[in-house]
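Please read these numbers as outputs of a predicted model, since none were measured by experiment. Both ligands and their constituent atoms are indexed starting at 1 by order of listing.
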Amino acid sequence: MPSFQPLTRDVEADAVVVGGGIAGLTTAYLLAREGQRVVLLERDEIGSGETTRSSAQLTASLDFRYYELAGIHGEQRTRLIAQSHTQAVDEIERIVRDEGIACDWTRIPSFLFAPPDQQEDLARELAAMQSAGLDVGMVGPPAGTRDLGPCIRLEQQAAFHPVLYLQGLARAAQRLGAQIYTQSLVTSYDASEVLTEGGARVRARHVVLATNVPVADRVKFSFRLEPFRTYMVTLDLTDALEPGHYWDTVDPYHYVRLDGNALLVGGEDHVVGRADDAEERYGRLEAWARERFPVGQRREAWSGQVENTPDGLAYIGESGGVYVVTGDVGNGLTHGTIGGRVIRDLILGRENAWVDLYDANRLPRGNRLEWIKEGISAAGHLGEWVTGGDDLSDLAPGEGAVVRHGLKKLAVYRDDQGTLHARTARCPHFGCVVHWNTGEKSWDCPCHGSRFTAFGELLHGPARVGLAVEELGQDAQSPG
Ligand SMILES: Cc1cc2nc3c(=O)[nH]c(=O)nc-3n(C[C@H](O)[C@H](O)[C@H](O)COP(=O)(O)OP(=O)(O)OC[C@H]3O[C@@H](n4cnc5c(N)ncnc54)[C@H](O)[C@@H]3O)c2cc1C
Ligand code: FES
């Protein structure tokens, strides 16, 4: 990434954008291109968030089936949904071309397939995608695959390298006059000002929060988002395979992206903080891919976070005097790009046909019963305060455990040298007890998806601060 400095003095701008992922950088770039004075503030470095963990499939084939979207939003709006994602892919292509960004941009089709007992759903999805105006047809299994059965082929989708794209976008925004500051954590904001941890302020006519989940949100978005961990492995490709993105229709679903001589295989999602079995999930992804694609050795494995909404659409637009982009539903590269366009048009007072669709204040329809059940289940985690804790004596170096300490529960991490580090286990957002994530070595909150490093520093909101330091008694400090 190009390097930037922290913000150390007060500045003024037309718009201040918080967050250096695809949503923030696209918004900053599009506004700067219109001659707006833009300041972008990033907590860590550009690309420190979910964008660079992505499999980078740029597609209008969405996590929700189109027949589900038509049931929730109606046919006319569903055509707008398909149009917005298709145009987001075109917008990225335009930016890549106009700015000469070398990011392995390529146009490829998407293939959606289903297990034998879900073939009726596949036919239903084909009809719904056609009604939504997408260029689709049913085809036989693509060359190089095994037992996929018939597939819906969606033409003219795309892929790129997300790190290279963000680099190019940051340079282009900077060239157009946007000021980018990194290592500049935003701790509070109102409609005309944001304040950084170091005390420097940006005064602006417009404030945009593109922080994946809004900073310092207690209730406005947390209860309309459901955070999921999602897993990915890359495997060597051992034989020819028809280029494309591949998805199945099972729940939790699997997806595949061909990238040179590697296959990226993702899925096995679960609600954040509600499972701690990353290695098994990586293994299941690998086994699933071996049955269907010509693959060899595993190269890499990682996980990331996506934020679902009940109706399959992101929340984009003005809310409480600031602009937000959140709720990626696993299609955050296109949602983030749509976000940039919608917010640019709202700020410039231009018409935009997608404003109502993505309204950030809407109470989503969709499967409300599921969401009520989910809310009750999240609230159940508050009850963990009264249960017992783990035993520290068998805590291995590099691992964490939640232990009871008098009336408190502590999140205790034993570092590689054997020293214990204790933090409160109480999530600063709403007080649920955090859980240890062995795969990522982090503390994850099962209620609304906040995450913290092993040492308690904030990794992912909606919490605004890290886990407070606690003292452990001398007894506990002796090596286990
Ligand atoms: C494994 C995986 C695979 C995926 N695959 C796809 C895919 O194929 N296609 C697709 O469309 N989407 C995909 N997604 C989703 C997509 O990558 C994300 O939704 C999208 O990149 C989110 O972009 P963003 O800009 O909203 O957030 P981020 O990229 O997370 O950027 C937010 C930034 O805000 C910064 N920030 C946070 N708080 C503050 C603060 N207080 N002050 C200053 N800065 C702050 C963070 O450091 C971060 O850099 C995938 C996600 C994962 C995890
Ligand atoms: S994220 Fe809401 S309580 Fe932890």
Would one find an N or O of I22, backbone or side chain, under 3.5 Å from an N or O of ligand 1? yes
Which label fits F160 and Y165: parallel for a plane angle under 30°, tilted from 30 to 60°, or perpendicular past 60°? tilted
Examine the proximity of ligand 1 to Q305 and report which part, side chain or backbone, both or neither, has a heavy atom under 4.0 Å away. backbone
Presence of salt bridge, R292 and D248, under 4.0 angstrom: no
Spacing of I46 atom CD1 and F4 atom CZ [to the nearest 0.5 Å]: 5.5 Å
With only distance considered, is S54 within less than 3.5 Å of ligand 1 through an N or O on each side? yes
Can an N, O or S atom be found in C432 less than 2.8 Å away from atom 2 (Fe) of ligand 2? no
Check C447 against C432 for me: are their SG atoms closer than 2.5 Å? yes
Any heavy atom of T51 under 4.0 Å from ligand 1? The part involved is both
Within less than 2.8 Å of atom 4 (Fe) of ligand 2, any N, O or S from C427? yes
Within the 4.0 Å heavy-atom shell around T334, which atoms of ligand 1 are there? 11 (O)
Once rounded to the nearest 0.5 Å, what's the spacing between atom CG of L458 and atom CZ of F452? 6.0 Å
Nearest-contact summary for atom 1 (C) of ligand 1 - protein heavy atom, Å: R53 O, 3.3 Å
G24 to ligand 1: N or O pair under 3.5 Å? no
Residue among W302, Y255, Y282 satisfying ring-ring contact (aromatic ring centres under 6.0 Å, His included) with Y231: Y282
Any side-chain donor-acceptor pair under 3.5 Å between Q174 and Q179? no
Hydrogens and angles aside, do S84 and Y358 bring a side-chain donor and acceptor to less than 3.5 Å of each other? yes
Would you call R94 and D90 a salt bridge, using N to O less than 4.0 angstrom? no
May I ask you to identify the nearest protein heavy atom to atom 51 (C) of ligand 1, giving residue, atom name and distance to one decimal place in Å? V306 CG1, 3.8 Å
Output yes when E286 and R290 qualify as a salt bridge under the 4.0 Å nitrogen-oxygen rule, no when they do not. yes
Return yes or no for this condition: an N or O of G332 is under 3.5 Å from an N or O of ligand 1. yes
Rounded to the nearest 0.5 angstrom, the CG-CG distance for D259 and D104 is 7.0 Å
Using a 3.5 Å distance criterion without hydrogens, assess whether the side chain of R77 forms a donor-acceptor pair with backbone atoms of I72. no
Closer than 4.0 Å to some heavy atom of D328 - which atoms of ligand 1 meet that? 19 (O)
Do the rings of F113 and W288 sit parallel, tilted or perpendicular, given the 30° and 60° boundaries? parallel
Non-hydrogen atom of G461 closer than 4.0 Å to ligand 1: no
Using a 4.0 Å cut-off to any heavy atom of Q57, which atoms of ligand 1 qualify? 7 (C), 8 (O), 9 (N), 10 (C), 11 (O)
ND1 (H429) to atom 2 (Fe) of ligand 2 to ND1 (H448): angle, nearest 10 degrees? 90°
What protein heavy atom lies closest to atom 36 (N) of ligand 1? Include the residue and the distance to one decimal. T211 CG2, 3.8 Å
Presence of salt bridge, R451 and E50, under 4.0 angstrom: no
Need the ligand 1 atom indices (1-based, order shown) with element for anything under 4.0 Å from a heavy-atom of N331. 10 (C), 11 (O), 12 (N)
Contact check, G266 vs ligand 1, heavy-atom distance below 4.0 Å: no
Once you measure the plane-to-plane angle for Y246 and F293, does it fall in the parallel (<30°), tilted (30-60°) or perpendicular (>60°) bin? perpendicular
Could R298 and E279 be called an ion pair, given the rule that one side-chain N must be under 4.0 Å from one carboxylate O? yes
Non-hydrogen atoms of A56 versus ligand 1: any pair closer than 4.0 Å? yes
Nearest-neighbour protein heavy atom for atom 32 (C) of ligand 1, which is reported as residue plus atom name and distance: A210 O, 3.6 Å
Starting from atom 3 (S) of ligand 2, what is the nearest protein heavy atom, named by residue and atom, and what distance separates them? F430 N, 3.2 Å
For atom 43 (C) of ligand 1, the closest protein heavy atom turns out to be R43 N, 3.1 Å
Nearest-contact summary for atom 1 (S) of ligand 2 - protein heavy atom, Å: S450 OG, 3.2 Å
Numbering the atoms of ligand 1 from 1, which are under 4.0 Å from a heavy atom of T230? 1 (C), 2 (C), 52 (C), 53 (C)
Quick one: does Y231 get within less than 4.0 Å of ligand 1, heavy atoms only? no
Of the backbone and side-chain N, O or S atoms of C447, does one lie nearer to atom 2 (Fe) of ligand 2 than 2.8 Å? no
Using 4.0 Å as the upper bound for N to carboxylate O, is an ion pair formed by E99 and R171? no
For ligand 1, which atoms have a heavy atom of G304 less than 4.0 angstrom away? 53 (C)
Which residue and non-hydrogen atom of the protein lie closest to atom 33 (C) of ligand 1, and at what distance in Å? E42 OE1, 3.5 Å
Checking contacts here: is it the side chain or the backbone of N212 that comes within 4.0 Å of ligand 1, counting heavy atoms only? Could be both or neither. both
Does only the side chain of C445 get under 4.0 Å from ligand 2, or the backbone, or both, or neither? Count heavy atoms. side chain
Applying a heavy-atom cut-off of 4.0 Å, say which part of S184 lies close to ligand 1: side chain, backbone, both or neither. backbone
Report yes if the side chains of D311 and R362 come closer than 4.5 Å at any heavy-atom pair, otherwise no. yes
If you round to the nearest 0.5 Å, how far is CG of L134 from CD of Q156? 12.5 Å
Ligand 1 to A23 polar contact by distance, N or O atoms, under 3.5 Å: yes
What residue and heavy atom of the protein are closest to atom 34 (O) of ligand 1, and at what distance? G19 CA, 3.3 Å
Say whether G47, considering both its backbone and side-chain N or O atoms, lies within less than 3.5 Å of an N or O atom on ligand 1. no
Return the closest protein heavy atom for atom 28 (P) of ligand 1 as residue, atom name and distance. E50 N, 3.5 Å
Would you say the side-chain atoms of Q157 pair up with the backbone N or O of A60, donor to acceptor, closer than 3.5 Å? yes
